[in-house]
Amino acid sequence: MDDSELIAGARAGDRMAARRLYDRHAPRVYRLIYRSVGDEELAREYTQDTFVKAFQRLEQYRGESAFSTWLHSVAMSMLFTGMRRLKRVRAREFELATAADVAAPDGEADPHLRDRLQAELARLPVRLRMPVLLHDVEGFTHREIGRMLDIPEGTSKARLAEARTRLREALAGIVAE
Amino acid sequence: MDEQELERRLNELKATWRVPGDLPLDEMWQVVEARAFPDAAPRRGSRWIRTLLPLAAMLLLGFGIGQLAPALLPTRPAADLAAVPSGVAVSEAKDATAPFVGVATDYLERVTMLLVALADAAREGEPPEHSAGQARDLLATTRLLLDSPQAGDPRLQTLLQDLELVLVQIVRLPRRPPQPDVYLIDQTVDQREVLPRLRDMLAENSTSQP
């Protein structure tokens, strides 16, 4: 069954159809969120939040884009909401030194370009990191990214260009060695 | 490094960067199903916990946090209350204080019971008997309150933020948590005087009931 049939079933209250939609899309949603936050437990929590919200608002999906695109836009919304909360919680956890840094560890000189690229990618601001993650790593088009992040397609391209410039500058020292 | 090289390196990250482990799809689906389709028969766990807490959150948002602690919050016109449930006249909100306070009191009592159990476990050096699902539900309710535009009172905000901090740590505990982790959470509760503040608020709720 394709997504449209499963969506129709889920809307009609077919729990099995909802479960199939979840099974089909959860791994990719989870992978995207996990790559964004770097924490398995948080990624599971946000993935669950995504599907809860998606099923509660399934009537809002009108088929103008692929279901996966719409679902990922819900995921991005839950992710950003969650990260704002996390920033608030983590600011208070810092006093007890219990927070684990979700960004790549810093400080150590790392001669391997790949490892350094990962670290620099994690350090990018979220608004720049997401287009890189979605386009260059996950393979979404700028049109899809625009829908997911609720930004114009041109803005997605511009942010990706800026992110790539920053990454090249950050890696220039290693490449030159 | 030119653009092509960078793009190639970024494409390679798909296979190497933050590759997630196995996903517990079934376990996660149970959570999704319980929250997205709350009228379903629960597969496990207490049904009344899963139905009562979302109801508590809805009532709290519907009647406004201002009904919870009128002595703490600035008075707001009834028309400003957010998300009043359909079918409930705004003028009825004030008359509905008693059941609303009862539901809110239930939430505060649950949080208190959970933290007291944790404190006892920390003191006795025993693993706490806690339900991760219950802690997660309480955390969800706490966050709904924090995001409510009515929860503007600084005292209430601070308490809810501290509860969020503590509940996040409890949710992250494994099934058999190491004693130092339990102790650390108990220290957080103690240092921030969470339990005395909760008891004060419960006492205020009981006196505000008609």
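So you know, we letter chains A, B, ... as the sequences are listed, proteins then strands, and number each from 1.
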Chain A contact via B:L25 - side chain, backbone, both or neither, heavy atoms under 4.5 Å:
both
Give the ring-plane orientation class for A:Y22 versus B:W29, where under 30° counts as parallel, over 60° as perpendicular and anything between as tilted.
tilted
Non-hydrogen side-chain atoms of B:R9 and A:L167 separated by less than 4.5 Å
no
For B:D26, which atoms come within 4.5 Å of any heavy atom of chain A: side chain, backbone, both, or neither?
both
Given a strict heavy-atom distance threshold of 4.5 Å, which part of A:F55 is in contact with chain B: side chain, backbone, both, or neither?
side chain
Is A:E40 in contact with chain B via its backbone, its side chain, both, or neither, using a 4.5 Å heavy-atom distance?
side chain
Under 4.5 Å from a heavy atom of chain B, the part of A:A18 involved:
both
Can you tell whether the side chains of A:K53 and A:D49 come within less than 4.0 Å, N to carboxylate O?
no
Taking every heavy-atom pair that is under 4.5 Å apart, which of A:E45, A:H135, A:R114, A:Q56 has the most such pairs with chain B?
A:R114
Do A:Y46 and A:L32 have side chains that approach each other closer than 4.5 Å (heavy atoms only, starting at C-beta)?
no
Is there a donor-acceptor pair closer than 3.5 Å between any side-chain N or O of B:T142 and the backbone N or O of B:L138?
yes
Hey, does A:R31 have a side-chain heavy atom less than 4.5 Å from the side chain of A:E138?
yes
Go through the atoms of B:L23 and report whether side chain, backbone, both or neither lie under 4.5 Å from a heavy atom of chain A.
side chain
So, the part of B:E12 with a heavy atom under 4.5 Å from chain A: the answer is neither
